[in-house]
Number of protein chains: 2
Amino acid sequence: MLIRRSSMYALHAVAILAARPGVYHSSEEIRELSGIPGNYLAKILGHLRRAGIVEGRKGWGGGFRVPEEALSRPIRDILDVVEGDAMEAVDGCLFGFPSCDEEHPCPLHRYWEEIGKVYRRMLDETTIGDLGRFQPRQP
Amino acid sequence: MLIRRSSMYALHAVAILAARPGVYHSSEEIRELSGIPGNYLAKILGHLRRAGIVEGRKGWGGGFRVPEEALSRPIRDILDVVEGDAMEAVDGCLFGFPSCDEEHPCPLHRYWEEIGKVYRRMLDETTIGDLGRFQPRQP
DNA sequence: AGATCAGGAGACCAGCATATCCCCTGAGTC
DNA sequence: GACTCAGGGGATATGCTGGTCTCCTGATCT
């Protein structure tokens, strides 16, 4: 898989929050909608909070929310939180050849380069707001 | 990473063998050319051998080789050995939404689909012979 | 036949990602 | 102020992947 399972979780959780920006959702609520294991989800949300992507509030009526201002951020920001650097998943030669470049491409270079481009576009063109607009609302 | 490190190793090792089809190379020789940890390499070559991609021979003058007939096989065969099913790395929704399809695409669906297509083409269009034609012969 | 070379096969180990548990803290309600 | 709700944070399992080690088997050379 190109991204970690944790990243899938992070994207999914933020998608749920972004469907109602500014509204607090308990992690329990997110767990029910997403099926992500509860305690692990809490940990991921904690990372997202420290990165400023979501906000947390304790106590009655609390939970997590994504503030309006965050809606325009690209989802690359989400992946960077979990993966460290999202793009490193896709750079470098598939063989590990240090000498592989445009002038001396390995047999997979063109394909891999193309995959990297689409991947980068996916991360940069898609915003958190876009995630919120899609709601499977799984029954 | 889209593929495992083991798959990188497998591709690299086969590339070295395919540069001189039919000729036996000791795993020690491959280790020197590739930098893959020796014992682990031996294990991977064993898997490739059981899958019929390379041939092994014991004793003096022995080693591994890729037979002429194997040169036309797609590299998908190599990845399938290590990954189980190479394409499963790239199918399914990035969110894990079971409901995500052409009619109800998630926000990343188009990108991910495109990546899958290029990936599939890479595996099917590239042959073991192609790998052999590229030799970095790192100094 | 005996030495040596090189693969074959299995147990074993380490690090990381995933997942779980428990206790603490702060914000509300009554 | 007492109670409860929900996040915060750290310690602790678990499983997989990558990597190491050891011993065995078969082929060739002398």
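Proteins get letters first, then strands, A, B, ... in listed order; numbering begins at 1 in each.
- One atom, CE of A/Met8, and another, C1' of C/dT18, lie 13 Å apart when rounded to the nearest Å.
- Rounded to an integer number of Å, the gap from CD1 of A/Ile44 to P of D/dG9 is 15 Å.
- Between the side chain of B/Arg65 and the backbone N or O of B/Gly22, at least one donor-acceptor pair lies under 3.5 Å.
- As rounded to whole Å, 16 Å separates atom C1' of C/dT4 from atom CD of B/Glu28.
- Nucleotide C/dA17 holds its P atom 18 Å from the CD1 atom of A/Ile36, rounded to whole Å.
- In this structure, of C/dG28, C/dA19, C/dG26, it is C/dG28 that holds the atom nearest to the side chain of A/Arg57.
- Within the 3.5 Å criterion, the main-chain N or O of A/Arg4 finds a donor-acceptor partner in the side chain of A/Glu83.
- An OP1 or OP2 oxygen of D/dG7 is reached within less than 4.0 angstrom by no side-chain nitrogen or oxygen of A/Tyr24.
- Side-chain proximity of A/Arg50 to the nucleotides C/dA19, D/dG9, C/dG8 is greatest for D/dG9.
- Checked against D/dG8, D/dT25, D/dT20, the side chain of B/Lys58 finds its nearest nucleotide in D/dT25.
- A continuous path of Ile, Leu, Val, Met, Phe, Trp and Tyr side chains, each step under 4.5 Å between heavy atoms, connects B/Met87 with B/Ile115, placing both in one hydrophobic cluster.
- A sub-4.0 Å separation between OP1 or OP2 of D/dG18 and a side-chain N or O of B/Ser6 is present.
- When hydrophobic clusters are built by joining Ile, Leu, Val, Met, Phe, Trp and Tyr residues whose side-chain heavy atoms come closer than 4.5 Å, directly or via intermediates, B/Tyr24 is not grouped with B/Leu48.
- In this model, the phosphate group of D/dG7 is approached by a side-chain N or O of A/Ser27 to a distance below 4.0 Å at OP1 or OP2.
- The distance between atom CG of B/Leu41 and atom C1' of C/dG8, rounded to the nearest whole Å, is 14 Å.
- Using a 4.0 Å heavy-atom cutoff across all strands shown, B/Gly46 reaches no nucleic acid atom at all.
- Looking at the side chain of B/Arg4, the nearest of the listed nucleotides D/dC21, D/dG18, C/dA19 is D/dG18.
- Look at NE2 on B/His47: it is 14 Å from C1' on C/dG7, rounded to the nearest Å.
- Checking A/Trp60 against A/Arg49, the closest nucleotide of DNA chain D that is more toward the 5' end is the one next to A/Trp60.
- Residue B/Asn39 contributes atom CG, which lies 16 Å from atom P of C/dA14 at whole-angstrom precision.
- Atom CG of A/Leu108 and atom CG of A/Leu94 lie 5.5 Å apart (nearest 0.5 Å).
- For A/Tyr9 and A/Gly59, each mapped to the nucleotide of DNA chain C holding its nearest heavy atom, the one lying further toward the 5' end belongs to A/Tyr9.
- One interatomic measurement links the two molecules: CG of B/Leu48 to P of C/dG8, which rounds to 11 Å at whole-angstrom precision.
- The base of D/dT20 sits within donor-acceptor range of the side chain of B/Lys43, with an N or O pair under 3.5 Å.
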